[in-house]
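In what follows, a structure is listed as structure tokens, so that the remarks can point back to it.
In listed order, ligands and their atoms are each counted from 1. Computed from a predicted structure; not experimentally measured. Along the sequence shown, the residues carry numbers beginning at 1.
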Amino acid sequence: MEFDLIHRYFKTPFGGLAQANPDTVLFGIGDDCATLRLAHDFHLFTSTDTLVEGVHFFSDDPPRVTGWKALASNLSDLAASGASPLGFTLNLSLPEIDENWLAGFSAGLLDIATRFNCPLVGGDTTSAGSNPLKTLSITVFGQAPASHLGFNRAHAKIGEEVWLSGTPGLARLGLLLEYQRRGRLEQLCKGNELPQVQALLAAMPAQLRQIAVSQLGMPVPRIELGLQLRGLASACLDLSDGLSGDLAHISSASEVSAILFQSSLESMWRKLWPEIDQQANAAGLLKILLEQTLAGGDDFELCWTAHPNRHDAIQSLKAGLHRVGVIEPGSGIWLQSQGVSRERVSSCSFNHFAEIQN
Ligand code: ADP
Ligand code: MG
């Protein structure tokens with residue numbers, strides 16, 4: 001049964017992708033170990049992520065979306081290291097054999113694996129026993145020339161610029177919309193935040209809602225950007241837990257402070273949501289939007305620092321890259337508003353264990 005299932009949903013549909021990469025996948029699914037070949041003088045990069053039903057994805061999420069997101073979050077780690085994908089393994093712990101779910105999950109996984117040419121090379125499939133929830137774990141493998149050592153979080157230097165790809169905070173809006181659709185919005189809002197968040201969601205144009213929900217469910221890992229940033233970025237990471245919390249990893253490892261410019265973050269949002277200025281309470285909406293951007297989570301955009309003399313080279317890489325801050329002496333994350341005033345941003349990134357205990 002287990003072999004049947006592995007064949008039907010994994011070995012057979014993913015076979016073509018492994019065969020299309022004969023130089024890297026020497027042996028894939030079916031043997032005790034997969035064998036991958038690195039290019040000459042390349043280093044191996046690896047990262048792993050676990051998704052638990054009810055914590056990282058909803059039980060009623062379309063399985064195709066869950067399949068996409070499971071690999072997207074891992075590929076995003078390779079992107080943040082400037083590595084290109086070689087392949088991945090998949091561990092599934094399932095309470096029951098739900099063929100509909102497996103078919104959708106496998107299809108979503110194959111979509112993203114094909115798009116990023118990342119073959120499935122092995123895994124493990126086990127029963128969850130009496131645990132009623134699915135757990136998915138993916139380990140991804142990538143490579144980069146030995147001359148590229150990754151982007152160390154401790155490498156941000158004073159005077160460097162802070163950059164973002166895309167529009168971090170979008171996935172958070174998607175999550176708020178999904179909770180609202182399920183009548184559970186208050187679970188995500190603290191204190192008196194709820195009416196403000198409701199006003200923000202109500203003001204969102206329909207197209208932006210769609211973009212936000214898709215950023216949450218089907219984020220596109222920035223693999224290509226990560227490769228382009230080799231030699232340009234110093235510190236880099238992907239935003240999985242929120243801008244303020246993730247950037248704090250860079251500031252503390254590098255023993256510096258990161259100053260974010262309110263005006264830059266606002267203009268980043270105006271590019272995506274130009275109509276926001278026509279709202280009667282535009283200033284209030286932008287304020288909540290920035291709070292969501294800082295707390296964020298699940299965006300899988302890249303955040304990096306780079307010397308100002310790299311500014312033009314970075315700006316010309318592609319559209320949608322934003323310089324939003326600067327590295328200074330000191331510690332912590334600060335939000336600089338129009339004048340000279342600055343406020344310290346509390347690190348409020350998503351903490352799974354805090355969520356569980358609450
Ligand atoms: P073993 O007992 O030797 O670990 P298994 O019987 O668990 O092997 O799995 C048989 C083959 O199927 C192995 O090559 C394994 O990597 C692969 N496999 C098992 N589960 C999955 C999965 N969910 N996705 C991809 N490959 C899998
Ligand atoms: Mg096994």
Please check if the side chain of S254 supplies one atom and the backbone of A156 the other of a donor-acceptor pair under 3.5 Å.
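Pair found, side chain donor or acceptor close to backbone of A156.
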
How long is the straight-line distance from CG of L44 back to CD of Q143, given to the nearest 0.5 Å?
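Atom-to-atom, Q143:CD and L44:CG are 8.5 Å apart.
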
Rounded to the nearest 0.5 Å, what's the gap from CD1 on I223 to SG on C118? Could you check?
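The distance works out to 8.0 Å.
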
Checking heavy atoms under 4.0 Å, the part of D31 that sits near ligand 1 is backbone

What part of I6 sits under 4.0 Å from ligand 1 if we count only heavy atoms: the side chain, the backbone, both or neither?
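It is the side chain that touches ligand 1; the backbone stays farther off.
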
Which pairs pass side-chain hydrogen bond (donor to acceptor under 3.5 Å, both in side chains) with one or both residues in residues 60-81, sequence neighbours excluded?
S47-D77, D60-R182, R64-D111, K69-D298, S76-D238

Which of the numbered atoms in ligand 1 are under 4.0 angstrom from any heavy atom belonging to [X]?
| X | answer |
| --- | --- |
| G122 | 16 (O), 24 (N), 25 (C), 26 (N), 27 (C) |
| D32 | 3 (O) |
| T125 | 19 (C), 20 (N), 21 (C), 22 (C), 23 (N) |

Should G30 be counted as touching ligand 1, given the test is an N or O pair under 3.5 Å?
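The answer is yes, given that G30 and ligand 1 share an N or O pair closer than 3.5 Å.
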
Say whether G123, considering both its backbone and side-chain N or O atoms, lies within less than 3.5 Å of an N or O atom on ligand 1.
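Looking only at distances, the answer is yes, because the N/O contact criterion of under 3.5 Å is met.
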
Checking H311 now: which residues fulfil ring pair (Phe, Tyr, Trp, His ring centres under 6.0 Å) with it, not counting sequence neighbours?
W163

Pairing donors with acceptors under 3.5 angstrom, does anything connect the side chains of E275 and Q279?
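Result is no, nothing qualifies.
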
